[in-house]
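Encoded as structure tokens, the structure appears first; notes follow it.
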Amino acid sequence: MTQRPKLMWVALVAALCGLSGCAATGGLFSGWGAPDEVEVREVRRALACGSITETVLLTLFDGPTAYAQWEAQRGAQLYGDAVLPAGQYLLVEMGRRGFAGYGMAVSRVARRKGDTLILRATFIEPRAGAEPSGEAVSPCSLIRLPDMAIDRVELVDEQGDRRATLKLVPKT
């Protein structure tokens, strides 16, 4: 085989891998239409957030002052970072549960798909048949959102089922 046909063969294989999404190259089209990963960070959490319903809720705060007002009104105290820098925060509430054994963990890896930010959380529940014990809980997490324009936040569980959606109201 001469040098020229060998180079053409290598170029052809590289082009096919690039167009087909070959794992070796990452693929030219492999990311098209796929949501972009972004990082969010849990900055505070608590097992007693004072939730009054069993519904999973999402609440957006424009900054630390708005969050502090909510915390004072609710009588809740979340633990974590002592100082919250400027930025948007999202409170994720699991909802009120009648006894201990419930919790949740929000993944730091979120996805952005268009103007929607999709958060993933693992919901922890007592095993089936467990005897109820302990006080009522209402787990929640305060999440620092990335600085980006979004119109909607969705929370999905470990199976991919949507647990909550928050449509953001544009500022005028």
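The chain is numbered in sequence order, starting from 1.
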Test R152 against L166 for side-chain contact (heavy atoms from CB on, under 4.5 Å), laying out the working first. CA-CA 6 Å; R152 176 186 184 108; L166 177 65; over 6 Å; no
Which heavy-atom pair separates R44 from V83 by the least distance, and what is that distance? NH2-N, 4.4 Å
Could you pull out the closest heavy-atom pair between G50 and S138, with the gap in Å? N-OG, 3.0 Å
Lys/Arg-Asp/Glu bridge criterion (N-O < 4.0 Å) met for [X], [Y]:
X: D81; Y: R144; value: no
X: R74; Y: E93; value: yes
X: R163; Y: D157; value: yes

If only atom types and distance count, is the side chain of T122 paired as donor or acceptor with the main-chain N or O of E158 below 3.5 Å? no
Main-chain N/O of G114 paired with R112 side-chain donor or acceptor, under 3.5 Å: yes
Only one of L145, L117, V40 passes side-chain contact (heavy atoms from CB on, under 4.5 Å) with L90; say which it is. L145
Any side-chain heavy atom of [X] within less than 4.5 Å of one from [Y]?
X: T116; Y: V153; value: no
X: E71; Y: Q69; value: no
X: V92; Y: I143; value: yes
X: V156; Y: L119; value: no
X: I150; Y: L168; value: yes

CD1/I124: more than 12 non-hydrogen atoms of other groups inside 6.0 Å: yes
Under 3.5 Å donor-acceptor pairs involving side-chain atoms of residues 95-109, not counting sequence neighbours:
residue: R97; atom: NH1; partner: E54; partner atom: O; Å: 2.9
residue: R97; atom: NH2; partner: M94; partner atom: O; Å: 3.2
residue: S107; atom: OG; partner: V109; partner atom: N; Å: 3.1
residue: S107; atom: OG; partner: V109; partner atom: O; Å: 3.4
residue: R108; atom: NH1; partner: E39; partner atom: OE2; Å: 3.3

Provide the full list of disulfide (SG to SG under 2.5 Å) pairs with a residue in residues 113-143, sequence neighbours left out, each pair given once. C49-C140
Between the side chains of S141 and E42, is a donor N or O closer than 3.5 angstrom to an acceptor N or O? yes
What distance separates [X] [atom1] from [Y] [atom2], expressed to the nearest 0.5 Å?
X: M148; Y: Q88; atom1: CE; atom2: CD; value: 10.5 Å
X: R111; Y: D36; atom1: CZ; atom2: CG; value: 9.0 Å
X: R120; Y: I118; atom1: CZ; atom2: CD1; value: 9.0 Å

With a distance cut-off below 6.0 Å to the six-membered ring centre and an angular limit of 45° from the axis, does R45 pair with Y79 as a cation-pi contact? no
For V43, the rest of its hydrophobic cluster, which grows through side-chain links under 4.5 angstrom: F61, Y67, W70, L78, L84, Y89, L91, L142
